[in-house]
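Single-structure report; data block below.
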Amino acid sequence: MIVMKFGGSSVANAERIRHVAGIVKAELARKPVLVLSAMGDTTDHLLEAADEALRQGDVSMDKIESLHLATIAELSLPATVREEIWPLLEELQSLLTGIRLIRELTGRTRDYLVSFGERLSVRIAAAYLKSIDIKALAIDAWDAGFVSDSSFGGAELDDECWRLIPKALKPLTERAILPVVTGFIAKDSGGNITTLGRGGSDLSATLIAAACGADEAQIWKDVDGILTADPRIVRHAKPVEQVTYEEASELAYFGAQVLHPRAMQPCIKTGTPVLVKNSYNISAPGTRIAPALDRKTSPIQAITSRKNVTLIDIVSTRMVGQHGFLEQVFAAFSRQGISVDMVATSEVSISVTLDAVHSLTALKKDLSRIASVEAKAGKAIVTVVGDVRRSSEILARAFRTCEILGVQVQMVSQGASKVNISFIVNDGEAAGVVRALHNDFFEEGI
Ligand code: ASP
Ligand code: MG
């Protein structure tokens, strides 16, 4: 068994659904379970419609209705499909009218409302698959074993899911039925519809794969996988063939947001491989995320950067031979609710980085009781993700590159996760450094 998940842009219209059907058809022998997001930007349109209803404006669901009805027509689906969809559209219309009348939109109602996107898309896709003689069955997540808590907008899935999901889905795949399951949604124990947070259907797919002991979870996106660098910075960045879960998590944090780290959790537990593929470019091999890899010769997998970072130097003469200083410093950050990214310490100083969004006045005042503080804005973190057993080689090559560029490295940190080495340069220098590193590690031969 395998799980195949297609996001909104992969099922945005009739043509895309036909295309997805072709991809799924080629994998039927592997007993797939299909997980779908809402069509195109439907989730956004639903949220916009709710906001408009709330503002006492029109109750307008034209965009949503016309997209789904036009898709049914373009796919030449039988009249019964329209009849199946119609009650959902009517229920949505009543819900929006209700929101307008009572002028209230709770988290619970919002989740109920956005759930229509996925519920519509699986019904239309399953109907199309049936029309081309594939035994497909549309299933709402709650009928596939998805139970969550009641944190509307970002619900946590219950451990019960691990038992309930295979119980619901395996008997189907064993009978060669293709379940087409709604991503993103679940129900709490009280029967209220919940959502798993934006982009949550990746998690729906990886959980099904892990819970059912599937051979792999295929996550179909509109990019070639995880790239060696941001293609806006390095034009000829190329897909990384394989990464470990840890490396993929690091890359996600530093901006290569192909798969949310949360979505990898179920597969990390079971060691199930996750394959990120491009539905617009089927022949591209994609990126395989797995527990361990057969390393190729390059010591690094990818380079990322994050701009708009502030570097804070905290210096105390009292630190020599003292204990408890770090604790006091981090307590100050905690009091101000500021989260720190990189940290480097010496005997008398601590350097930390944070995103420039924070206001630092209160923090500086707080810290000035125990140390002198200097904040330097306009910095960037450059991160090299790779095989840290080869860290000396990576550092030597990275610093040599900076030296050639005349760039001063202002702080260095080797991640505790043992897969990343990060360093700080000026904002304006980051792109040049990333390009030069890419050139050295990926283009000039190893
Ligand atoms: N449709 C939802 C969203 O747009 C879930 C998903 O696409 O994963 O966030
Ligand atoms: Mg979406």
Side-chain angles (χ1 to χ4, degrees), residues 3-13 16-17 20 33-51 61 63-65 67-68 71 85 88-89 92 95 105 107-126 138-142 144 146 148 151-157 161 165 179-187 193-210 217-223 225 248 252 256-267 274-280 289:
V3 176
M4 307 177 79
K5 182 258 160 177
F6 292 87
S9 80
S10 302
V11 291
N13 53 39
R16 302 298 305 154
I17 291 175
V20 164
V33 170
L34 193 54
V35 176
L36 299 182
S37 298
M39 292 178 65
D41 294 327
T42 300
T43 306
D44 291 329
H45 293 154
L46 284 163
L47 290 167
E48 282 159 20
D51 284 340
M61 44 180 279
K63 274 188 205 157
I64 298 157
E65 191 173 306
L67 171 67
H68 292 91
T71 306
I85 296 299
L88 285 176
L89 292 173
L92 175 59
L95 179 59
L105 182 57
R108 182 173 71 167
T109 307
R110 193 187 297 266
D111 278 5
Y112 170 32
L113 178 105
V114 291
S115 75
F116 284 93
E118 271 70 13
R119 288 151 82 194
L120 288 164
S121 75
V122 294
R123 283 167 175 76
I124 294 174
I139 304 180
D140 292 321
W142 41 89
F146 279 82
S148 75
S151 327
F152 299 105
E156 291 289 336
L157 290 162
C161 296
I165 294 171
V180 185
V181 185
T182 54
F184 182 50
I185 58 179
K187 267 189 185 171
I193 297 177
T194 58
T195 64
L196 311 181
R198 292 308 302 267
S201 43
D202 288 351
L203 175 60
S204 311
T206 51
L207 179 59
I208 294 176
Q218 300 182 352
I219 308 290
W220 291 80
K221 303 246 161 193
D222 50 11
V223 291
Q257 189 71 280
V258 170
L259 198 63
H260 195 280
R262 195 163 80 111
M264 272 179 290
Q265 289 308 319
C267 288
V274 179
L275 187 61
V276 181
K277 293 269 292 176
N278 187 352
S279 70
Y280 287 85
I289 311 173

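Both ligands and their constituent atoms are indexed starting at 1 by order of listing. As a basis for the values below, the full set of heavy atoms in this structure was taken, side chains included, without hydrogen atoms, waters or symmetry mates. Predicted, not measured: the structure shown is a model, and the values here were computed from it.
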Q. Looking at ligand 1, does G8 have a heavy atom less than 4.0 Å from it?
A. no

Q. With only distance considered, is S201 within less than 3.5 Å of ligand 1 through an N or O on each side?
A. yes

Q) In Å and rounded to the nearest 0.5 Å, what is the CD1 to CG distance from I124 to L67? A) 7.5 Å

**Q.** Which of the ligand 1 atoms, numbered from 1, are nearer than 4.0 Å to a heavy atom of R198
**A.** 3 (C), 4 (O), 9 (O)

Q: Number the atoms of ligand 1 from 1 as they appear, then name those within less than 4.0 Å of a heavy atom of E118, with their elements.
A: 1 (N), 2 (C), 5 (C)

Q.
Which residues pass the side chain to side chain donor-acceptor pair (under 3.5 Å) test with R110, not counting sequence neighbours?
A. none

Q) At a non-hydrogen distance cut-off of under 4.0 Å, which region of S37 contacts ligand 1 (side chain, backbone, both, or neither)? A) side chain

Q.
Under a 3.5 Å distance rule, please check whether S204 uses its side chain to pair with a backbone N or O of F184 as donor and acceptor.
A. yes

Q) For A205, which residues count as a side chain to side chain contact (heavy atoms under 4.5 Å, CB included) partner, sequence neighbours excluded? A) V3, K5, V35, I219

Q. Are any of the heavy atoms in G199 under 4.0 Å away from ligand 1?
A. yes

Q: May I ask you to test the T206-M264 pair for a side-chain heavy-atom distance under 4.5 Å?
A: no

